[in-house]
Engineer: 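Have a look at this one before I ask anything.
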Amino acid sequence: MILDEVDPVTRVLLERHGFDPVRFEQLRAELAAGTLTTRSNVVTGIVAPPLPSDLTVLPAPGTPAYEEAETAGVEALREGSIAIVVLVGGMATRFGGGVKASAEAIDGRSFLEVKVELTRRLGTALGAEIPVALMTSFATDETVAAHVAERHLGEPFRFLQSAAPRLHPDGRLFLDGVGNPSLYGQGHGDLLTAIRTSGVLAELDREGVRSVLVSNVDNLRARVDPVIVGAHLLAGAPLTIEVVAKGSDSGGAPARVDGRPQLLEGFRFPPTFDQRRISVFNTNTALITVEALREPMELTWLVVEKNVEGESVIQFERLYHELSAHVETTFLVVPRDGREGRFLPIKDPGDLDLARPLLRELLAESG
């Protein structure tokens with residue numbers, strides 16, 4: 001058993017952070033036997049591009065449909081039925097280390113600070129309370145909690161994604177350069193389990209929340225917007241995934257698998273499928289109903305290869321947008337750029353340099 005192979009401190013950390021040793025051992029045995037590999041990540045069945053009817057284009061400003069969505073969204077926000085969940089489990093590796101959420105984004109404000117500030121400003125403008133929840137990791141939770149207190153970011157809910165040890169490709173425990181197990185967070189698929197088992201979902205439910213907007217902390221334009229909320233509500237599906245026009249990007253995209261629309265991460269497509277046939281891709285921003293989050297969901301465990309200290313290691317991860325394979329999903333095509341733009345991921349300092357004028361504009365508009 002893996003818990004018997006790690007030191008006592010690591011064992012306690014794993015036990016505190018949602019580690020499932022039984023399931024991990026099953027996956028580890030399959031990896032060692034060669035029955036679970038990166039090839040297992042590829043979906044089976046017939047994969048085809050989405051039909052035009054599978055994509056819902058956000059109404060243009062000034063149209064009756066836009067006004068209808070905006071009205072529905074404002075009403076829901078004023079009722080307190082919408083919350084935001086920010087994924088803050090990552091490290092700022094390309095920014096020189098530290099926690100991404102607390103790294104400076106613009107003019108002394110951190111990534112998380114901008115997210116919370118934009119949410120607060122909208123709530124103030126509408127006379128609404130918009131609850132905030134943060135999914136942290138073993139590597140970021142303490143820093144995020146201290147940062148929230150230091151920057152007076154209110155009292156957001158916090159819940160932890162699970163931790164696990166990395167493995168060699170043959171299933172042996174991987175140890176870092178000083179002989180310690182190398183741990184990682186098991187992917188944003190933990191959202192579906194952790195928000196429920198932590199009790200945060202029940203708290204949001206008691207406060208009257210009916211849908212949550214999920215986004216990465218480093219996509220600062222993925223903010224709460226009444227029109228987006230209204231489009232989600234009017235569509236009536238449990239899950240709304242935001243997609244944007246594809247440029248030179250690589251990543252997940254909506255597709256049909258055996259005739260059913262769902263979101264597939266890039267590495268889950270068959271190698272013979274030309275992903276250029278799909279004109280949009282996933283922004284990792286979504287609205288999910290509380291009702292859908294209540295139901296336990298079995299997501300696919302994926303084999304992810306990483307390079308750590310010059311060695312190839314294996315991680316088992318899950319992706320929350322696989323929920324689209326189980327529930328009806330609206331794939332909402334939102335603007336990528338411009339005043340209404342929703343996609344501005346900041347992965348490295350170069351991205352941040354280019355984004356600063358847009359971020360200042362965004363903060364000025366919402367002020």
Engineer: Backbone N or O of R223 within a donor-acceptor pair of the R342 side chain at under 3.5 Å?
Structural biologist: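 Confirmed, R342 side chain pairs with R223 backbone.
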Engineer: Can we say E5 and R28 salt-bridge, meaning some charged N sits less than 4.0 Å from an Asp/Glu carboxylate O?
Structural biologist: yes
Engineer: Kindly indicate whether the side chain of Q186, heavy atoms from C-beta on, has any atom under 4.5 Å from the side chain of R318.
Structural biologist: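 The answer is no; the side chains never approach within 4.5 Å.
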Engineer: Backbone N or O of T140 within a donor-acceptor pair of the T143 side chain at under 3.5 Å?
Structural biologist: no
Engineer: Applying the side-chain contact (heavy atoms from CB on, under 4.5 Å) test to V144, which of L153, V217, V88 qualifies?
Structural biologist: V88
Engineer: Check which hydrophobic residues are tied to F316 through side-chain heavy-atom contacts below 4.5 Å, counting indirect links as well, and list them.
Structural biologist: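 M1, I2, L3, V6, L13, L14, F19, F24, L27, L31, L36, F138, L167, L173, L175, L183, Y184, W301, V303, I314, listed by chain and number.
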Engineer: If you round to the nearest 0.5 Å, how far is OH of Y320 from CG of L293?
Structural biologist: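 It comes to 10.5 Å.
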Engineer: What's the spacing between E104 CD and E113 CD if we round to 0.5 Å?
Structural biologist: 9.5 Å
Engineer: Is the shortest heavy-atom distance from the side chain of T10 to the side chain of P165 under 4.5 Å?
Structural biologist: no
Engineer: Using atom types as modelled and distance alone, determine if a side-chain donor or acceptor of R210 lies under 3.5 Å from a backbone N or O of V290.
Structural biologist: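 No; zero donor-acceptor contacts below 3.5 Å.
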Engineer: Is it true that a side-chain atom of T124 and a backbone atom of R120 form a donor plus acceptor pair closer than 3.5 Å?
Structural biologist: yes
Engineer: Restricting to non-hydrogen atoms, name the atom on S182 and the atom on V308 that form the minimum distance, rounded to 0.1 Å.
Structural biologist: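 Looking at all heavy atoms of both residues, the closest pair is OG-CG1, 4.3 Å.
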Engineer: Distance from H168 atom NE2 to R166 atom CZ, nearest 0.5 Å?
Structural biologist: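 It is 12.0 Å, given to the nearest 0.5 Å.
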Engineer: D7 side chain to V9 main-chain N or O, any donor-acceptor pair under 3.5 Å?
Structural biologist: yes
Engineer: Any heavy-atom pair between the side chains of L299 and L319 that's under 4.5 Å?
Structural biologist: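 SC-SC contact between L319 and L299 ruled out.
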Engineer: Below 4.5 Å, heavy atoms only, C-beta onward: do R294 and L201 meet side chain to side chain?
Structural biologist: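 Answer yes - side chains close enough.
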Engineer: Can you measure from CG (N284) to CG (N219) and round to the nearest 0.5 angstrom?
Structural biologist: 9.0 Å
Engineer: If you round to the nearest 0.5 Å, how far is CZ of R16 from CZ of R11?
Structural biologist: 13.5 Å
Engineer: H147: which residues meet the ring pair (Phe, Tyr, Trp, His ring centres under 6.0 Å) condition with it, sequence neighbours left out?
Structural biologist: none
Engineer: If only atom types and distance count, is the side chain of R221 paired as donor or acceptor with the main-chain N or O of F343 below 3.5 Å?
Structural biologist: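 Flag not set: sc R221 to bb F343 has no pair under 3.5 Å.
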Engineer: Is the backbone of D190 close enough, under 3.5 Å, to the side chain of T193 for a donor and an acceptor to pair up by distance?
Structural biologist: no
Engineer: Are any of the side-chain heavy atoms of S215 and L87 separated by less than 4.5 Å?
Structural biologist: no
Engineer: Is there side-chain contact between P261 and R256, with heavy atoms separated by less than 4.5 Å?
Structural biologist: yes
Engineer: E322 and side-chain contact (heavy atoms from CB on, under 4.5 Å): which single residue from E298, R268, E265 fits?
Structural biologist: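 Exactly one candidate clears the test, R268.
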Engineer: Look at D274 together with R276 and state whether they make a salt bridge at an N to O cut-off of under 4.0 Å.
Structural biologist: yes
Engineer: Does any donor atom in the side chain of H232 or S211 lie under 3.5 Å from an acceptor atom in the other side chain?
Structural biologist: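 Result is yes, a qualifying pair exists.
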Engineer: Would V212 and I82 count as a side chain to side chain contact (heavy atoms under 4.5 Å, CB included) if you check the C-alpha gap in whole Å, the side-chain angles of each, and the deciding distance to 0.1 Å?
Structural biologist: CA-CA 6 Å; V212 299; I82 305 298; over 6 Å; no
Engineer: When you compare the side chain of Q262 with that of T329, does any pair of heavy atoms fall below 4.5 Å?
Structural biologist: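 T329 vs Q262: side chains apart.
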Engineer: Give a yes or no on whether the backbone of S110 and the side-chain of K115 come within a donor-acceptor separation of less than 3.5 Å.
Structural biologist: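 No.
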Engineer: What's the spacing between L352 CG and I106 CD1 if we round to 0.5 Å?
Structural biologist: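 One gets 7.0 Å once the value is rounded to the nearest 0.5 Å.
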Engineer: For the backbone of I278 and the side chain of K246, can you confirm whether one donor and one acceptor N or O come within less than 3.5 Å of each other?
Structural biologist: yes
Engineer: Would you say N307 and V313 make side-chain contact, with heavy atoms under 4.5 Å?
Structural biologist: no
Engineer: Tell me whether T283 contacts the main-chain N or O of E242 through its side chain, where contact means a donor paired with an acceptor under 3.5 Å.
Structural biologist: yes
